[in-house]
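Excluded from the calculations below are hydrogen atoms, water molecules and symmetry mates; all remaining heavy atoms, backbone and side chain alike, are included. So you know, we letter chains A, B, ... as the sequences are listed, proteins then strands, and number each from 1.
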Number of protein chains: 2
Amino acid sequence: MPAVATRVASELRLQIAEGALLPGAKLKEEALSEELGVSRNTVREAFAELASERLVVRQPNRGVFVASLEVSDIHDVYIVRRAIEVSAVRGGGSIESIAAVRAAVEEGKRAAKAGDSEGLGSANAHFHGALVAMAGSERLNVIMSQVLAEMRLFFHKASIDGGFYQDYLADNDQICKALEAGDNDLAAERLLSYLARSEEHQTAVHAS
Amino acid sequence: MPAVATRVASELRLQIAEGALLPGAKLKEEALSEELGVSRNTVREAFAELASERLVVRQPNRGVFVASLEVSDIHDVYIVRRAIEVSAVRGGGSIESIAAVRAAVEEGKRAAKAGDSEGLGSANAHFHGALVAMAGSERLNVIMSQVLAEMRLFFHKASIDGGFYQDYLADNDQICKALEAGDNDLAAERLLSYLARSEEHQTAVHAS
DNA sequence: GATTGTTGAATTGTTGAACATTTTCGCCGG
DNA sequence: CCGGCGAAAATGTTCAACAATTCAACAATC
């Protein structure tokens, strides 16, 4: 992807992740074109990239909108997560890749101690990314990073009730311990349990 | 994606799948623009779509090329297949979704009887697509369809040695029988065995 | 009053041309 | 043989225009 279009896509990605652009918001080509000092065509190329990541949806002749996830999408996303995360965990990983998982757990602990709610969410994403990275597949990593980006779309609401990451922190530690002990099946079992609870939680938050 | 750009992308997708555009071939914007009677910008939008599907790769300032898979890519793709196909099979499916799997098996048998090698490959793709569809996840279906499209990139060479689909046909039937019997774990086990053999085969063909 | 056309402005879709930037490649001198 | 020079070619980006579509406001009809 060309340099300028990539920059524009990154900028928009950032604004979506930060919540500056809320789900459902319309992205007008001309407005963005002026605001960012690039041509409409370049904005369009950026749109194409974001659309491929499902961060925006393109409605023909109507425009592009920041993706907004329905309750059914939540379930859909968790099906994907179960498939790739559990598969990666079952396959186990190298010493280094497990160390990366451990590092993400510790990162979460530090954030918890510092009361950094933002950092906790970030560490949790790193943890699950590290799980998938154990499989050593570039494609799987890309898929997972897109899934995590999609999840940020509804984390804004979910993270309101603080302290809900606390439980997950312990889960993550347990999963990591099982991996370090070489008991991949136990790790997978714990991960499945975590994912079930997480999905339930997210669904509950968004049903209201 | 706009209408014209979509049409162009489909056209290129077809030519790649048929082997009219071989891996590594360069796609020149101006040439395609003239040939298809669309503007360069539109061709670029089509490129963006194909790049997101990994059918072409974009090398900045150098152009776009039909993707060409290395041996390491083969392994990578099979990691993804193991993750999503096995997960879907383990989760089982509805009566109708299993019927779709059965339909793909029968489609393969008909093609075999007719000596239609092309149809055999197509039926095999349908079979594995139907397996993933059991999970009922739109995202998983999209991922699988892209993986299958990628695999067509090196099927051209592999399908040369005829009769190699014959064995797979029996495998598919056995997997389907296990699903129909409700024994998802057995189906998953057989699928894993199939995937291992298939990967070995593809690797062998491409090592030469 | 509610549904249905109609009109016109706003937005997206697509084109074509122009220019900047980068790569490619032949060529020439050493 | 080769390292650099420069022209040609291809991509990256912008700009301006027009076509096609959507959308909202308003008129018309029942």
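- One atom, CD of E34(B), and another, C1' of dA10(D), lie 13 Å apart when rounded to the nearest Å.
- Not less than 6.0 angstrom separates the ring centroid of H201(A) from the ring centroid of Y194(A).
- Contacts of S33(B) classified as side chain to side chain donor-acceptor pair (under 3.5 Å), with partners at least two apart in sequence or in another chain: none.
- For dG13(C), the OP1/OP2 oxygens have a side-chain nitrogen or oxygen of R44(A) closer than 4.0 Å.
- Separating the CZ atom of R40(A) from the P atom of dC15(D) is a distance of 13 Å, rounded to the nearest angstrom.
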Check against side-chain hydrogen bond (donor to acceptor under 3.5 Å, both in side chains), Y78(B) and S198(B): CA-CA 9 Å; Y78(B) 273 91; S198(B) 177; 2.5 Å; yes
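- In summary, of the residues considered (I84(A), L179(A), I98(A)), a side chain to side chain contact (heavy atoms under 4.5 Å, CB included) with L131(A) occurs for L179(A) alone.
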Show the distances under 3.5 angstrom between N or O atoms of the protein and N or O atoms of nucleotides 4-7 of chain D.
none

From CA spacing to verdict: salt bridge (Lys or Arg N to Asp or Glu O under 4.0 Å), R44(A), E29(A): CA-CA 7 Å; R44(A) 280 177 143 259; E29(A) 298 182 354; 3.0 Å; yes
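- Taking atom CG of residue L36(A) and atom C1' of nucleotide dT13(D), one finds them 15 Å apart after rounding to whole Å.
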Step-by-step side-chain hydrogen bond (donor to acceptor under 3.5 Å, both in side chains) determination, Q146(B) to E150(B): CA-CA 6 Å; Q146(B) 290 183 359; E150(B) 263 197 277; over 6 Å; no
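- E45(A) has its CD atom 8 Å from the P atom of dG12(D), to the nearest Å.
- Closest-nucleotide positions on DNA chain D for S39(A) and E29(B) were compared, and the one nearer the 5' end corresponds to E29(B).
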So which protein nitrogen or oxygen atoms get under 3.5 Å of nucleotides 22-26 of chain C's nitrogens or oxygens?
{"residue": "dT24(C)", "atom": "OP1", "partner": "R62(B)", "partner atom": "NE", "Å": "2.4"}
{"residue": "dT24(C)", "atom": "OP1", "partner": "R62(B)", "partner atom": "NH2", "Å": "2.9"}

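- dT22(D) atom C1' lies 10 Å from atom CZ of F65(A), rounded to whole Å.
- The phosphate of dT15(C) (OP1 or OP2) has a side-chain N or O of T42(B) nearer than 4.0 angstrom.
- One can place CZ of F47(B) at 11 Å from C1' of dT11(D), the figure rounded to the nearest angstrom.
- Residues V132(B) and V89(B) have side chains not in contact (no heavy-atom distance under 4.5 Å, counting atoms from C-beta outward).
- As rounded to whole Å, 15 Å separates atom C1' of dC19(C) from atom CG of N41(A).
- Between E53(B) and S145(B) the shortest side-chain heavy-atom distance does not fall below 4.5 Å.
- What separates CG of L27(B) from P of dT11(D) is a distance of 9 Å, to the nearest Å.
- Salt bridge E34(A)/K28(A): absent, no basic N to carboxylate O contact under 4.0 Å.
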